[in-house]
2 protein chains.
Amino acid sequence: MEEPIRNLLKEGTFDVNGSLWLESGGKRFFGPGPVELLERIAETGSIKQAAKAMGMSYKKAWDLINNLNSMGVRPFVVTSTGGEKGGGSSISEEARQMIAYHRQLRERFRQFLEQESSHLK
Amino acid sequence: MEEPIRNLLKEGTFDVNGSLWLESGGKRFFGPGPVELLERIAETGSIKQAAKAMGMSYKKAWDLINNLNSMGVRPFVVTSTGGEKGGGSSISEEARQMIAYHRQLRERFRQFLEQESSHLK
DNA sequence: CATCGTTATATATTGAAAAACATAGCGCTA
DNA sequence: TAGCGCTATGTTTTTCAATATATAACGATG
């Protein structure tokens, strides 16, 4: 017995949408923001440039990474200071696995949302 | 081929969590907040008391309701001013259907999250 | 017709999160 | 040993949403 929810709403397009993240002890540490940041660090080799590319302050990026690293057995972002380029950062194999996992998770969520949205079409 | 994501993370409990809402044109108008508000209005017969019970300001409650009503073919909350009790509010049959729909949606989402969380146990 | 509790609405205040800014340290290079 | 660009960290400023506050209108009632 399906409820015709759609009939209660005005003409127009409606969707079920949402957001998803990983948390520990109620504290979220892994979602779309950190994922994109990891990807950009991989691209640019620098937290500073990755943050800039996302329009995020360096401090926020650093805090995100620091927090993320604190949840892993091994760090997801490895940094170095000094040197010819002044230092830089790269992501670990573990980070790549997290990104891959998140991609799959997000895809499953997308399907869930699409399925739910189809109920209101 | 399952990724053993769990092994990348420290000892402790981890969960996939998220939130869900209905939106139209990118604007969200129906989620956990409005649902609870509707339920409390049904209980108390008053927006003011419902908001208070949720620790929400009257203005926010009113804005939420006003916005919600604007999405419906018929209003979800019907209000009256003046009279012996000074006025009051009640929810429509349509609102009850929205609540029922949301309950089911939330349950399906809960199962999705539980299933996803089980991957990290 | 004054009182009551509520809806309806506008404006002021507050508080928390983000951004912006500042500064020190690092290690290679010239 | 000075300079470069980045990491690391603390402090100040800004922004923006939520709350608080204020006021009018409403309609039954005594």
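Below, read A as the first sequence line, B as the second, and so on, with proteins coming before strands; counting in each chain starts at 1.
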Once you apply a heavy-atom cut-off of 4.0 Å, does B/Gly55 come out as touching a base, just sugar-phosphate, or nothing?
sugar-phosphate
How many Å lie between CH2 on B/Trp62 and P on C/dT9, as a whole number?
4 Å
Does the side chain of B/Val73 reach to within under 4.5 Å of the side chain of A/Leu8, using non-hydrogen atoms?
no
Tell me the interatomic distance from A/Asp63, atom CG, to C/dA16, atom C1', rounded to whole angstroms.
15 Å
Under 4.0 angstrom between B/Thr79 side-chain N/O and C/dT6 OP1 or OP2:
no
Tell me: NZ of B/Lys52 to C1' of D/dT21, nearest whole Å?
15 Å
Taking CG from A/Asn69 and P from D/dT7, how many angstroms apart are they, rounded to a whole number?
13 Å
Nearest-nucleotide check on DNA chain C, A/Lys85 vs B/Glu84; residue mapping nearer the 5' end is B/Glu84
Report yes if a side-chain nitrogen or oxygen of A/Ser89 is closer than 4.0 Å to either non-bridging phosphate oxygen (OP1 or OP2) of D/dC6; otherwise report no.
no
Whether A/Ser80 contacts C/dG27 is assessed here as follows: a side-chain N or O lying under 4.0 Å from the phosphate OP1 or OP2. Is that the case?
no
Determine whether B/Leu20 and A/Leu113 make a side-chain contact, defined as any pair of heavy atoms from C-beta on separated by less than 4.5 Å.
yes
Let me know, please, whether B/Gly86 or A/Gly83 comes out on the 5' side of the other along DNA chain D by nearest nucleotide.
A/Gly83
For the residue pair B/Glu114 and B/Ser117, establish whether any side-chain heavy-atom pair is separated by less than 4.5 Å.
no
Between B/Ser57 and D/dT19, does any side-chain N or O lie under 4.0 Å from OP1 or OP2?
yes
Quickly work out the B/Leu64 CG to D/dA17 C1' distance and round it to whole Å.
13 Å
Residue whose closest nucleotide on DNA chain C lies nearer the 5' end, A/Lys59 versus A/Gly82
A/Lys59
If you define the side chain from C-beta out and look only at heavy atoms, does anything of B/Leu38 sit under 4.5 Å from B/Leu68?
yes
Output the rounded distance in Å from NZ (A/Lys60) to C1' (D/dT7).
19 Å
Would you indicate which nucleotide in D/dT7, C/dT7, D/dT19 comes nearest to any side-chain atom of B/Ser46?
C/dT7
Can you tell me if B/Arg40 uses its side chain to pair, donor with acceptor, with the backbone of B/Ala50 under 3.5 Å?
no
May I have the distance from B/Ile65 (atom CD1) to C/dT7 (atom C1'), rounded to whole angstrom?
10 Å
Atom pair distance, as rounded to whole Å: OH in B/Tyr58 and P in D/dA20
15 Å
